[in-house]
Each structure stands twice: as structure tokens, then as C-alpha cells.
Amino acid sequence: CSYTCHLECESQVQLDCNQRDREPEETPSPRSHSSSTAHQHKQNEAKEEEEGGAKDLSEEEVRTRIEEYNAQVSENGMKLASDGSYTGFIKVHLRLSRPVTVPAVEAAGSEGASRQTGSRNQAPSDCQEGTDCCQSENRTSFYLPCDCVKQLHISSLTTTGEVIQGLLKKFMVLDNPRKFALYRQTHRDGQDLFQKLSLCERPLLLRLIAGPDPEQLSFVLKENETGEVQV
């Protein structure tokens, strides 16, 4: 059997593909079913604690994990401050399928951006009065290069919302930050899973918990879609 579900719903899904072919005596007892469900729940909790970053780390745990993290990288390690916070670097992959709006005066020098041509770049004279494209002649639209990678230096207190705003500022994007979302990408069972991070999540904490291996965790900026998991 195979199925697709939201990451947070995984622990609630149970498959019994051969149920019609089973004899009544093969049905598991309530006690064994309860034990299996409890074991699965514990595994799910351990996975969420490891990946979700919901639980704050103690000062000793932070110090230990930073030492382990820095031992695995040759540069751009994390630094612990005297107040218990820490700083480090994260890399964000930009995978935007739609164009972004940037100032026209900065268009030629926009980092890694590609000007729209033909039907993708509508001239002001073709716009109807009152539409967004006619609100300002000092704006233009660009397609950012697919899978462009941007490295950010942030602190353990930096939230997902602040990371999104920082990325848009670096590329001089004028669009509303709510149009974008930061996703956590993990590689599991030969598949790439994407889960949208909440705006109050702290990406550097997730990076510290997961370690520097991009197979365990990568950050991706995409359009803000309703689905939380894509395969």
C-alpha cells in the first residue's frame, strides 16, 4: 500500500490492506492495538521533538549541540553569546514560480533577477486604469533564478517571518511578505517532503537540532500555498 498525507497526520493513519482476507481470529486484541498505538505515538513525539524545534533547549544542551555542530563544519559555525543566545548561518533556496515586483530604478542591478519579456511584461499603456500594474511606473516584475541560494546570518531569536522579510529586502522585492512562506525540506524514504513553517518558528534552532547536513534539513522560500506537505 502507498498513501499521501499531511506530516502531522501521519501518526493517525493506519492501513489494513488485507482486512477482507483475514479470519476473525487474526484481528489484534484491544490490548495489543493499544500498545502499538502508544508505541507509534511515542515515536511520533520523538520525531517532532527532534525535527520540530518546539521544545527549547537548555543552556547546557545549546552549548553541547553548538560544539557538535561546529565540529562538523569547516566554516560558518555557530557562536554562543554570553546571554545564552547564539548566531549562525542558514541557507535558503528560492523556488518561486511567479515573478516578483521590484523597483524599476533598481531592476538592472537586481541580484540574479531576470527581466520579463514579451507577454510577461505588460507595458503601462496596455494596463487598464485602476489596475495594480498602473499604480506606479517605478515598478517592474522579474523572475528570480530557479533554486537560487541565499545565505543569511541570523540569531537564535530570529523568526521565520523575519527571515522572509530579510530575504525580500536583499532582493528589493516590494511584494507583500504574506505572499511567501518558508518551508522545511526533509529527505525521507527516497522522497522530498516540504512542511510550511509558522511565522513564529526559529529557523536557527531547527538548524542546530538537525545539524549541518542538508539531507536532514533545508530551507526553501516558495509562494504561500495552502498545502503544507508536497512530495
Side-chain angles (χ1 to χ4, degrees), residues 6-8 10 47-57 62 65-66 68-70 72-80 85-100 102 110-113 142-173 175-231:
H6 290 93
L7 193 61
E8 60 269 22
E10 182 179 356
K47 181 174 59 178
E48 289 180 351
E49 180 177 330
E50 178 183 358
E51 297 181 346
K55 184 181 76 69
D56 287 332
L57 301 176
V62 169
R65 286 182 178 268
I66 289 180
E68 295 174 351
Y69 184 97
N70 292 340
Q72 301 178 58
V73 298
S74 57
E75 59 180 0
N76 296 334
M78 296 192 184
K79 295 182 178 180
L80 181 63
S85 64
Y86 49 96
T87 58
F89 292 86
I90 63 170
K91 290 183 179 181
V92 181
H93 297 256
L94 278 69
R95 298 177 188 170
L96 303 177
S97 59
R98 294 190 286 268
V100 296
V102 297
S110 180
E111 180 179 354
F142 278 82
Y143 279 93
L144 293 175
C146 181
D147 212 18
C148 172
V149 180
K150 191 67 178 179
Q151 183 168 263
L152 298 176
H153 185 252
I154 62 175
S155 77
S156 56
L157 303 179
T158 305
T159 64
T160 297
E162 292 170 337
V163 168
I164 295 175
Q165 293 178 6
L167 285 169
L168 299 183
K169 184 177 180 180
K170 283 183 177 292
F171 285 93
M172 296 172 289
V173 176
D175 295 292
N176 191 324
R178 291 174 178 254
K179 293 183 179 181
F180 308 92
L182 191 66
Y183 287 78
R184 173 177 60 189
Q185 178 182 354
T186 56
H187 189 76
R188 187 180 306 164
D189 298 330
Q191 296 179 328
D192 288 327
L193 302 179
F194 296 88
Q195 182 180 20
K196 185 168 64 175
L197 299 178
S198 65
L199 293 178
C200 61
E201 190 66 88
R202 291 174 290 168
L204 193 61
L205 175 59
L206 298 180
R207 179 82 277 169
L208 177 62
I209 293 175
D213 187 0
E215 287 289 319
Q216 299 296 324
L217 172 67
S218 295
F219 296 107
V220 180
L221 183 72
K222 302 171 65 177
E223 282 84 6
N224 191 4
E225 308 291 353
T226 55
E228 292 186 353
V229 177
Q230 300 178 11
V231 178

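Position 1 is the first residue of the sequence; numbering continues from there.
Checking side-chain atoms of Gln165 against main-chain N and O of Pro177 turns up no donor-acceptor pair under 3.5 Å. Side chain of Asp147 to backbone of His93: no donor-acceptor contact under 3.5 angstrom is found. The main-chain N or O of Glu68 is found under 3.5 Å from a side-chain atom of Gln72 such that the two form a donor-acceptor pair. Asp213 places a side-chain N or O within donor-acceptor distance of the main-chain N or O of Glu215, the cut-off being under 3.5 Å.
Test Tyr143, Phe171, Phe180 against Leu96 for side-chain contact (heavy atoms from CB on, under 4.5 Å) and you get one pass: Phe180. Of the candidates Gln151, Lys91, His153, Asn76 forms a side-chain contact (heavy atoms from CB on, under 4.5 Å) with just one, namely Gln151.
Under the salt bridge (charged side-chain N to carboxylate O under 4.0 Å, His left out) criterion, Arg98 pairs with Glu225, sequence neighbours left out. Shown here are the ring-ring contact (aromatic ring centres under 6.0 Å, His included) partners of His187, two or more places apart in sequence or in another chain: there are none. Not a single salt bridge (charged side-chain N to carboxylate O under 4.0 Å, His left out) links Lys79 to another residue, sequence neighbours left out.
Residue Ile154 comes nearest to Pro203 through the heavy atom pair CD1-CB, 4.4 Å, listed as atom of the first residue, atom of the second, then distance. Nearest heavy atoms, Ala181 versus Lys196: CB-CD, 3.6 Å. Considering all non-hydrogen atoms of both residues, Arg95 and Gln185 come closest at NH1-OE1, 3.3 Å. The heavy-atom pair separating Ser155 from Leu204 by the smallest distance is C-CD2, 3.6 Å.
To the nearest 0.5 angstrom, Leu199 atom CG is 10.5 Å from Glu162 atom CD. Between Ser218 atom OG and Arg207 atom CZ the span is 6.5 Å, to the nearest 0.5 Å. Once rounded to the nearest 0.5 Å, the distance linking CG of Asn224 with CD1 of Ile164 reads 7.5 Å. Interatomic distance, OH of Tyr183 versus CD of Gln195, reported as 10.5 Å (0.5 Å rounding). Note: Thr158 OG1 to Leu205 CG = 11.5 Å, rounded to the nearest 0.5 Å. If you take NZ on Lys222 and CG on Leu94, they are separated by 12.0 Å, rounding to the nearest 0.5 Å.
Side-chain atoms of Arg184 and Thr160, non-hydrogen and from C-beta on, never get closer than 4.5 Å to each other. Proximity of Tyr86 to Arg65: side-chain heavy atoms (C-beta onward) are nowhere separated by under 4.5 Å. Residues Val163 and Leu197 have side chains not in contact (no heavy-atom distance under 4.5 Å, counting atoms from C-beta outward). Two residues are said to be in side-chain contact when any heavy atoms from C-beta on lie closer than 4.5 Å; Lys150 and Leu221 fail this criterion. Looking only at side-chain heavy atoms (C-beta outward), Val100 and Leu168 stay at 4.5 Å or farther from each other.
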Kindly indicate, with the supporting measurements, whether the criterion side-chain contact (heavy atoms from CB on, under 4.5 Å) is fulfilled by Leu182 and Glu201.
CA-CA 10 Å; Leu182 191 66; Glu201 190 66 88; over 6 Å; no
Does the side-chain contact (heavy atoms from CB on, under 4.5 Å) test come out yes or no for Arg202 and Asp56, once each step is laid out?
CA-CA 10 Å; Arg202 291 174 290 168; Asp56 287 332; 2.2 Å; yes
